[in-house]
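No hydrogens, no waters, no symmetry mates; every other heavy atom, side chains included, goes into these values. Counting begins at 1 with the first residue of the sequence. Being a predicted model, the structure only gives us computed values, none of them experimental.
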Amino acid sequence: MTTTSAMNILSVQSAVAFGHVGNSAAVFPLQRLGFEVWPVNTVAFSNHPGYGSWRGQICPAELVAELLAGIAERGVLGKCSAVLSGYLGTVETGSAMLDTVIQVKRANPDALYCCDPVIGDRAGGAYVRPGIAAFFRERALAQADLATPNHFELEQLTDRRILSLADALLAADALKELGPRIVLVTSLERGDAPPETSEMLVVEDDEAWLVTTPLLPIAVNGAGDAGAALFLGHYLLTRSAEQALAAMAAAVFSIIEATWNSGSRELQLVAAQDEFVAPRRRFMPRRVR
């Protein structure tokens with residue numbers, strides 16, 4: 001495996017004590033790939049709200065800003081290879097995160113910003129506070145090198161309905177016009193897809209690849225968070241969106257398969273960890289442009 005010597009990733013997103021979403025889904029896969037991860041949590045919850053009840057709170061923006069400032073004061077931003085952002089909680093937290101992205105890129109012009117524009121999903125709709133979608137659309141994506149929306153988020157950010165692969169490609173292109181060079185659609189749900197399949201699409205410059213995996217009969221929280229982290233990690237290792245898509249798809253399928261086999265509703269990251277670096281099953285992306 002390619003060495004990740006001196007490769008550090010700053011990850012700003014939610015966290016739970018029980019289960020795996022946000023940083024609780026992203027940090028370990030990145031560490032298993034060999035990266036040092038600097039997690040800054042935007043919420044501290046007992047568990048994912050999908051259970052119907054939880055304890056904890058959204059971290060105040062001032063606290064997140066303090067943590068980010070403390071990291072900067074260590075003089076290490078020039079050694080940061082990428083910033084990954086996910087669930088932000090508030091626009092003010094997003095602003096603090098974005099200020100740090102700018103500082104990182106100033107200290108290391110080669111650093112990447114991967115924006116996972118967490119807004120909601122097709123099943124439950126939007127679950128973020130007012131202003132968050134506009135923050136992504138108007139500010140964050142302009143700084144992003146990579147963006148990893150799901151189907152619902154891509155529609156929300158581009159104000160486009162996605163019913164086909166052609167629609168998805170046009171929407172991804174529209175999102176790229178806002179800033180990112182690479183767009184990964186983590187859960188494409190088009191009407192013209194083969195039955196009983198799950199698809200992910202990546203668009204890089206003028207090229208695009210689609211990967212298809214079997215659809216397993218389970219819905220889990222956090223798969224998108226783990227997927228975004230794995231895609232970023234593999235992209236840093238390969239500098240190929242196509243290869244990163246293939247590696248991420250194999251890992252995410254294995255995680256979901258292990259979760260289904262275990263009967264759990266929480267991602268089985270520890271059980272599937274070897275699949276992050278050496279997946280037993282491969283899914284080859286198909287070039288669609």
Side-chain angles (χ1 to χ4, degrees), residues 9 11-33 35 37 39-56 58-59 84-89 114-128 132 146-154 184-189 198-200 213 215-234 244-245 247-276 279:
I9 296 175
S11 183
V12 184
Q13 50 188 315
S14 61
V16 293
F18 173 79
H20 298 289
V21 296
N23 270 335
S24 304
V27 172
F28 177 61
L30 287 170
Q31 291 173 329
R32 190 64 177 80
L33 288 179
F35 294 93
V37 186
V40 173
N41 300 331
T42 57
V43 310
F45 287 170
S46 57
N47 53 269
H48 189 277
Y51 283 91
S53 65
W54 70 95
R55 293 181 181 270
I58 294 177
C59 298
L84 171 63
S85 72
Y87 183 88
L88 296 173
C114 180
C115 176
D116 185 6
V118 177
I119 300 172
D121 53 48
R122 297 187 82 187
Y127 49 67
V128 295
I132 290 290
L146 300 85
T148 61
N150 61 30
H151 186 119
F152 174 81
E153 291 157 350
L154 184 59
L184 166 69
V185 187
T186 57
S187 57
L188 181 59
E189 302 173 50
S198 177
E199 293 184 327
M200 289 176 277
T213 64
L215 180 64
L216 296 172
I218 181 175
V220 291
N221 295 312
D225 302 329
L230 285 161
F231 181 80
L232 172 61
H234 282 290
L245 175 65
M248 181 271 287
V252 169
F253 176 82
S254 295
I255 294 169
I256 297 175
E257 185 178 44
T259 304
W260 177 43
N261 290 335
S262 73
S264 172
R265 62 185 295 182
E266 293 292 347
L267 295 178
Q268 297 298 294
L269 297 181
V270 174
Q273 62 178 290
D274 290 343
E275 303 290 334
F276 304 162

### Query
Does Phe276 have any ring pair (Phe, Tyr, Trp, His ring centres under 6.0 Å) partners at least two apart in sequence or in another chain, and if so, which?
none
### Task
Could you please spell out the steps behind the side-chain hydrogen bond (donor to acceptor under 3.5 Å, both in side chains) verdict for Asn150 and Asp121?
CA-CA 7 Å; Asn150 61 30; Asp121 53 48; 5.7 Å; no
### Query
Where do Tyr127 and Val118 land on the side chain to side chain contact (heavy atoms under 4.5 Å, CB included) test, with the steps shown first?
CA-CA 9 Å; Tyr127 49 67; Val118 177; 3.8 Å; yes
### Message
Between Asp116 and Thr148, is the side-chain hydrogen bond (donor to acceptor under 3.5 Å, both in side chains) condition met? List the steps.
### Response
CA-CA 5 Å; Asp116 185 6; Thr148 61; 3.3 Å; yes
### Query
Heavy atoms, side chains only, cut-off 4.5 Å: are Val16 and Trp54 in contact?
no
### Task
Applying salt bridge (Lys or Arg N to Asp or Glu O under 4.0 Å), name anything that partners Glu153, two or more places apart in sequence or on another chain.
none
### Task
Evaluate the criterion side chain to side chain contact (heavy atoms under 4.5 Å, CB included) for residue pair Leu230 and Ile255; output intermediate values, then yes/no.
CA-CA 12 Å; Leu230 285 161; Ile255 294 169; 4.2 Å; yes
### Task
Apply salt bridge (Lys or Arg N to Asp or Glu O under 4.0 Å) to Glu199 and list each qualifying residue two or more places apart in sequence or on a separate chain.
Arg190
### Task
Quick one: pull up CD in Glu257 and CD in Glu275 and give me the separation to the nearest 0.5 Å.
8.0 Å
### Message
Less than 4.5 Å apart, side chain to side chain, heavy atoms only: is that true for Val12 and Thr42?
### Response
yes
### Query
Picking from Ile9, Leu84, Leu184, what satisfies side chain to side chain contact (heavy atoms under 4.5 Å, CB included) with Cys114?
Leu84
### Task
Give, for atom OG of Ser264 and atom CD1 of Ile218, the distance between the pair rounded to the nearest 0.5 Å.
7.5 Å
### Query
Which heavy-atom pair separates Pro39 from Val27 by the least distance, and what is that distance?
CB-CG2, 3.9 Å
